[in-house]
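These notes are about the structure you will find just below.
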Amino acid sequence: MDPVGQDVNLNSPNKGLPVDLADFPAEGTLGNSGSPLPPGLTEEEAEELRIELSKVEEEISTLRQVLSAKERHATELKRKLGLSPLNEFKQNLTKSWQDVQTSNAYVSASATLDDITHSEAYKKTQETLSQAGQKTSAALTTMSSAISRKLGDMRNSATFKSFEDKMGNLKYKVVGPRGDESPADSTTPTQENLPF
């Protein structure tokens with residue numbers, strides 16, 4: 001296999017196919033016997049470097065294959081141990097959170113926050129908000145009582161009584177007295193055979 005005339009990258013879709021040397025610049029292209037060698041490099045040294053490059057690329061290919069086999073083996077071992085990707089993700093999150101909690105930035109921020117919560121300004125703000133909450137609660141209770149009182153007054157008003165009487169009469173005509181099946185007037189339709 002001529003490493004110069006073929007694509008040796010195993011991840012390449014053109015793996016093993018001849019490489020068109022016209023795609024590359026002639027200057028500095030290895031294996032092109034017509035191109036000038038880099039300064040200070042003899043033909044023998046260039047050939048040794050080409051051979052060494054070929055060996056290194058073969059080793060890289062072998063290492064990729066070994067790594068792939070090791071990854072498959074690790075995946076199989078994890079499956080046998082019941083370690084799913086979700087469990088692994090949870091463990092990584094837990095470890096990361098523990099790392100954050102022990103980091104200098106987190107410890108410093110926690111100390112600063114602790115200092116703030118014990119400061120006079122924080123305590124005064126907290127007291128002010130607490131008083132505002134109590135006043136708001138009292139105002140809502142007062143408003144609720146006022147609305148209940150107004151609704152009670154409205155229910156006892158003559159207009160509401162008149163409306164309630166009319167609704168009672170309508171119910172009596174449609175349903176009958178006390179929900180009895182037979183209405184007072186036989187020409188009035190019952191609830192069961194209403195047109196709607």
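What's counted below: heavy atoms across the whole structure, side chains too, no hydrogens, waters or symmetry copies.
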Do Gln65 and Ser61 touch side chain to side chain, with heavy atoms closer than 4.5 Å?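 SC-SC contact between Gln65 and Ser61 confirmed.
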Side-chain donor or acceptor of [X] paired with backbone N/O of [Y] under 3.5 Å:
{"X": "Thr94", "Y": "Lys90", "value": "yes"}
{"X": "Thr141", "Y": "Ser137", "value": "yes"}
{"X": "Ser162", "Y": "Ala158", "value": "no"}
{"X": "Thr136", "Y": "Ala132", "value": "yes"}

Distance-only polar pair, side chains of Ser68 and Arg72, donor-acceptor under 3.5 Å: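 Yes, Arg72 and Ser68 have a side-chain donor paired with an acceptor closer than 3.5 Å.
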Which atom names give the shortest non-hydrogen contact between Thr42 and Leu37, and what distance separates them?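 That closest heavy-atom pairing would be C-CD1, 3.6 Å.
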Nearest heavy-atom pair of Asn87 and Gly82: which atoms, and what distance? ND2-O, 3.5 Å
Could you give me the CA-CA distance, side-chain angles and deciding distance for Gln98 and Thr102, then say whether side-chain contact (heavy atoms from CB on, under 4.5 Å) is met? CA-CA 6 Å; Gln98 289 171 348; Thr102 58; 5.7 Å; no
Would you find more than 12 non-hydrogen atoms of other residues, nucleotides or ligands less than 6.0 Å from Phe160 atom CZ? yes
More than 12 heavy atoms of other groups within 6.0 Å of Asp153 CG: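 Enclosed.
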[atom1] of [X] to [atom2] of [Y]: how many Å apart, nearest 0.5 Å?
{"X": "Ile60", "Y": "Leu53", "atom1": "CD1", "atom2": "CG", "answer": "8.5 Å"}
{"X": "Lys150", "Y": "Ser157", "atom1": "NZ", "atom2": "OG", "answer": "11.5 Å"}
{"X": "Glu59", "Y": "Ser54", "atom1": "CD", "atom2": "OG", "answer": "10.0 Å"}
{"X": "Leu83", "Y": "Thr75", "atom1": "CG", "atom2": "OG1", "answer": "11.0 Å"}
{"X": "Gln134", "Y": "Leu129", "atom1": "CD", "atom2": "CG", "answer": "11.5 Å"}
{"X": "His118", "Y": "Leu113", "atom1": "NE2", "atom2": "CG", "answer": "10.0 Å"}

What pairs of residues pass the ring-ring contact (aromatic ring centres under 6.0 Å, His included) test when at least one of them lies in residues 71-98, not counting sequence neighbours? Trp97-Tyr106
May I ask you to say whether Lys161 pairs ionically with Asp165, meaning some side-chain N is under 4.0 Å from a carboxylate O? no
Are Arg50 and Glu47 ion-paired here, with the side-chain N under 4.0 Å from a carboxylate O?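 So Arg50 pairs with Glu47 through a salt bridge.
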Quick one: which residue pairs count as a salt bridge (Lys or Arg N to Asp or Glu O under 4.0 Å) with a foot in residues 77-86, not counting sequence neighbours?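 Every pair satisfying salt bridge (Lys or Arg N to Asp or Glu O under 4.0 Å) with a residue in residues 77-86: Glu76-Arg79, Lys78-Glu88.
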Could you walk me through whether Leu63 and Leu67 pass the side-chain contact (heavy atoms from CB on, under 4.5 Å) check? CA-CA 6 Å; Leu63 290 172; Leu67 178 61; over 6 Å; no
